[in-house]
Amino acid sequence: MKRKKAYFIDAGYVVREGKTYVTLLLKGRKTVKLYYQQDPYFLVEGPVERADEFLNIETQRKNGELTSPKDVKIVEKQVGLEKKRFIKVMCRIPADVPVIRQAIPFPCYEYSIPFARRFIYDMQISPFDIITYEREGRFIRKILKIQSKEAPKLKILAFDIETYNPVGAPREHKDPIIMISYAGDKKGVISCKKSKNRFVETVKDEKQMLERFVEIVKQENPDVLVGYNSATFDLPYLKARSDVLGIKLDLGRFRGHLREMKKGLIKGFEIKGRIHFDIYPIARLFGFIGVIKVQKYTLDAVAEDVLGKKKIDVKKEEIWKLWDSGDIDKLAEYSLVDSELTKALGERFLPLEVEMSSVAKMPLFQTSLSTSGQLVESLLMFHACRRKMIIPRRPAGESVFERINAPIQGAFVKLPEPGIYENMAVLDFRGLYPSIIVSYNIDPGTLVEDGEAVHLSPTNAKFSEKETGLIPEVLDYLVDMRSKIKGELKELDKESEEYIRISARSQALKILSNSFYGYLGYARSRWYSRPCAESVTAWGRKHINETIEKAEKQGFQVLYADTDSVFLIYREKNDVLKFMNDINNELPEKMELELEGFYPRGVFVSKKGEEKGAKKKYALLAEDGRIKIRGFELVRRDWSKVAKQTQKQVLEAILIDGSKEKAVKIIREMIQEISSGKVPLEMLAISTQLNKNPGSYEVKSPELSAAKKMIKAGMTAEKGSMISYVVGKKGTTISEKAEPIELAKDYDPEYYISHQILPAVMKIMKELGYDEYSMRHGGKQQSLDSFF
DNA sequence: GCCGTAGGACTACCA
DNA sequence: ACTGGTAGTCCTACGGCG
């Protein structure tokens, strides 16, 4: 028997002659697919001594065939703090698990774990580990050794298709694909029209174009096929056209097949033997967790934000015109740039996804379609398996509903006193919630009714100290690993591959660690625990409030606090450092208060129409001259550029120049400019996302009305669309006046002055003693002592 | 029927 | 389809007034 070594890339399974085999995609000198026989199973909490009787159970598969358990075993598993014996029911094929389980009148566990992932958890392998195995033909007889090493270099090929559709959206059965571009080691465009561009390869017809594309994929033989929105557009379209033209779209390795699938709410398109990597859902997740910040999730917007590069400007409606004109040079270039941008985004996001996959123990393709909650869940399942703990079941529908309807109390936010301040220090708790979970051993399994040596939470929940809980243990490991890695990072050249990989790992660890608290309080979580989640936030509130009290006792003025941060006014920087030290000496070992920064100047504003300060809204001038802005309209995408730009300039005038006169001048000039009617419409557009389909709204709104106008004009506006509209002159209500930017002809100056510019700047100018009238009409400053 | 406003729907932000 | 806390806009329903 041959002994071999290779990177473990992906797992799937096949059923052959009634037996189940895990398929392993392995990357060594060559990339191979090998088989490993393993039976699916689930666990039963029932009469262990009569386990053999389970073998007599006979039940029907979906197709009517009869089946029964293949074998039963007795296994010991931990439940909470005790050990219990379970019956392990071995099945013949994965599809038997749900049917046999339903025939068993006892509580069952671990019956809804995808088989390939079950293999990863049982073998304790991470994606991209190196395994040593004994091979006999196409079969793995034994897996001998598992080593974690850096992930292998994965080869990428990006692609993009263009379709011919003179009306509306392309129709698969009718509208042909006119171009396919790709970018890997080689790049190019395949088309059936001629172009002067060297990179365009001309073929006879659409059928040849598809065949040529398949050929190129085979030649390049990428590990990862990258597209943008390719799971819901390019690949299904390619598949449909192939069917129409009667050819096989053989994009996979080893006669791999294609399959549309769904993971949660996210659609995927599986290419067996390769990893299909759709940038779109990944960009959505990264937007959600704050890795990137974009206005909308188009290739153009994401590429600009992430790479600082834009697409070639060709509108979707123009594609068929360019094609018909016969001169396809520009179109080919456009298509190629799309593939190149997609490739660059793939290269940018792949390292992070690879690390997330390896940390969370979830194959890369599935990782790319996962939410952070699913990744945390996978990681916990892996370690529960290692610790021989029973994996909790997913909650039933009713309990999900109950959980959603009983939210837990969250963080504390201190009300700021509006004003302009100098010499501020911001301190924050590093990884507050993770450090609380670790310090107090918060876990559903360590929760006890009473007993000695317990951590008593402010909500009176008790957590045993006897054994480290699953969640605190895993979290501590992640946090520890991250701090080690951060040390290594300092030694490395920022341009090196090593640095990119390790910083991706650090980021993956951070994302995962920060998701644990949310996961504890997530209604669909397997490890949901109300007392645990409540205790985390309660301890958080306790720590931040105690910090505020102690700061005040030491004579600091505490301006503001939110969740894990405090804003102080100081006289000497040393006082702050000393205070921080004092606090840290009293904190549990894993918790730490850090200096976020010193800020020479900062501004807090009041809530609209009230004297009270506004929370989550402030601007700080850092020592290096940069301005840190939170919550203001200028960081929101649903305000017009004019308003945001004016507000930004006003804040800069006040914080950097310390000149309110300059601020006044900026505002007056902008009001003038708007009144003149000369402001370009794109400066006035307000962008809002539709989170529902246009038909399902209860109330009218400007964005909805604009969306309806778009639909009427033949454009698409649906759930998820970003609607950009300008408030025009025609109509009475704002909704009536709202025109989609694509159709807008004019704008209403009065609206922009009193609904955009003034609300955005008045909350700041009010702190300087100006009122709205004086801003509009050039009156004098009102009372109040001058600040500067 | 008009006016002003409280409250709800909705979005996007902070941590 | 990870959590809760928060500001703010626009619309709508409602009550007071005449």
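Computed from a predicted structure; not experimentally measured.
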Whether D278(A) side chain and S230(A) backbone form a donor-acceptor pair below 3.5 Å: yes
Identify whether any heavy atom of W639(A) sits under 4.0 Å from a base atom; if not, whether one sits that close to sugar-phosphate; answer base, sugar-phosphate or nothing. sugar-phosphate
Taking the side chain of V413(A) as its heavy atoms from C-beta onward, which of dC10(B), dT6(C), dA15(B) lies nearest to it? dT6(C)
Any R636(A) side-chain N or O less than 4.0 Å from OP1/OP2 of dA12(B): no
Among the candidates dA12(B), dG8(C), dT12(C), find the nucleotide nearest to the side-chain atoms of D638(A). dA12(B)
Return the 5'-most residue of the pair R403(A), Y725(A) with respect to DNA chain C, ranking by each residue's nearest nucleotide. R403(A)
Counting any heavy atom closer than 4.0 Å, what does R630(A) reach on the DNA or RNA strands: base, sugar-phosphate only, or nothing? sugar-phosphate
Checking dA15(B), dT9(C), dA12(B) against the side chain of R637(A) (C-beta onward), the nearest is dA12(B)
Rounded to the nearest 0.5 Å, how far apart are OG of S754(A) and CG of D748(A)? 8.0 Å
Salt bridge or not between K730(A) and E739(A)? Use side-chain N to carboxylate O under 4.0 Å. no
What orientation do Y519(A) and Y522(A) show, parallel under 30°, tilted 30 to 60°, or perpendicular over 60°? tilted
Taking only the side-chain heavy atoms of Y517(A) (C-beta and beyond), determine which of dT6(C), dC13(B), dT3(C) contains the nearest atom. dT3(C)
Under 4.0 Å from OP1 or OP2 of dC10(C): is there any side-chain N or O of S701(A) that close? no
F412(A) near the nucleic acid: base, sugar-phosphate alone, or nothing, with a heavy-atom cut-off under 4.0 Å? nothing
Nucleotide dT11(B), atom C1' - distance to NZ of K719(A) in whole Å: 15 Å
Indicate, with a heavy-atom threshold strictly under 4.0 Å, whether Y528(A) touches base, sugar-phosphate, or nothing. nothing
K616(A) with D562(A): basic N within carboxylate O range, under 4.0 Å: yes
Considering only side-chain heavy atoms of V635(A), which listed nucleotide, dC14(B), dG8(C), dC11(C), is closest? dC14(B)
Please determine whether a side-chain nitrogen or oxygen atom of K608(A) lies at a distance below 4.0 Å from atom OP1 or OP2 of dA7(C). no
Residue among F604(A), Y421(A), F632(A) satisfying ring-ring contact (aromatic ring centres under 6.0 Å, His included) with Y618(A): F604(A)
Grab the CG-P distance between D562(A) and dC13(B) for me, whole Å please. 16 Å
For a quick test of reading the model: is some side-chain N or O of K616(A) closer than 4.0 Å to OP1 or OP2 of dG8(C)? no
Respond yes when some side-chain nitrogen or oxygen of K615(A) is under 4.0 Å from OP1 or OP2 of dA15(B), and no when none is. no
Contact under 4.0 Å: Y697(A) side-chain N or O vs dT12(C) OP1/OP2: no
Within the structure, does a side-chain N or O atom of T563(A) lie under 4.0 Å from either OP1 or OP2 of dC14(B)? no
With a cut-off of less than 4.0 Å, is there a side-chain N or O of K293(A) near OP1 or OP2 of dC13(B)? yes
Please confirm whether the shortest side-chain N or O distance from K700(A) to OP1 or OP2 of dA9(B) is below 4.0 Å. no
Within the structure shown, what part of the strands sits under 4.0 Å from T537(A) by heavy-atom distance: base, sugar-phosphate, or nothing? nothing
Whole-Å distance separating the OH atom of Y433(A) from the P atom of dG5(C): 9 Å
Rounded to the Å, how far apart are Y618(A) OH and dC13(B) P? 15 Å
Does a side-chain N or O from Y751(A) land closer than 4.0 Å to OP1 or OP2 of dC10(C), or not? yes
Which part of the nucleic acid, if any, lies within contact of K763(A), taking any heavy atom under 4.0 Å across all strands shown: a base, the sugar-phosphate backbone alone, or nothing? sugar-phosphate
Looking only at atom types and distance, does a side-chain atom of E552(A) sit under 3.5 Å from a main-chain N or O of E549(A), one as donor and one as acceptor? no
Between E633(A) (CD) and dC14(B) (C1'), how many Å, whole number? 14 Å
Under 4.0 Å between any heavy atoms, over every strand shown, what does G631(A) touch: base, sugar-phosphate, or nothing? Just pick one. sugar-phosphate
Can you label the angle between the F567(A) ring and the Y560(A) ring as parallel, tilted or perpendicular, going by 30° and 60°? perpendicular
Would you say the side-chain atoms of E633(A) pair up with the backbone N or O of A643(A), donor to acceptor, closer than 3.5 Å? no
With a 4.0 Å heavy-atom cut-off, tell me which residues in residues 404-411 of chain A come close to DNA chain C, sorted by residue number. P407(A), I408(A), Q409(A), G410(A), A411(A)
Residues in contact with DNA chain B, drawn from residues 685-696 of chain A - heavy-atom cutoff 4.0 Å: T688(A), Q689(A), N691(A), K692(A)
Can any side-chain N or O of E353(A) pair as donor or acceptor with the backbone N or O of F349(A) at less than 3.5 Å? no
Under-4.0 Å side-chain N/O to phosphate OP1/OP2 contact, Y560(A) with dC14(B): no
Distance, rounded to the nearest Å, where F516(A) contributes CZ and dT3(C) contributes C1': 15 Å
Contacts of A523(A) and V699(A) projected onto DNA chain C by closest heavy atom; the upstream (5') one is A523(A)
Please state how far atom CD1 in I436(A) lies from atom P in dT3(C), giving the value in whole angstrom units. 19 Å
Salt-bridge test for K709(A) and E742(A): reply yes if a basic N is under 4.0 Å from a carboxylate O, no otherwise. no
Decide, yes or no, whether a salt bridge links R117(A) with E377(A) under the criterion of side-chain N to carboxylate O below 4.0 Å. no
From NZ of K414(A) over to P of dT6(C), roughly how many Å is that when rounded to an integer? 14 Å
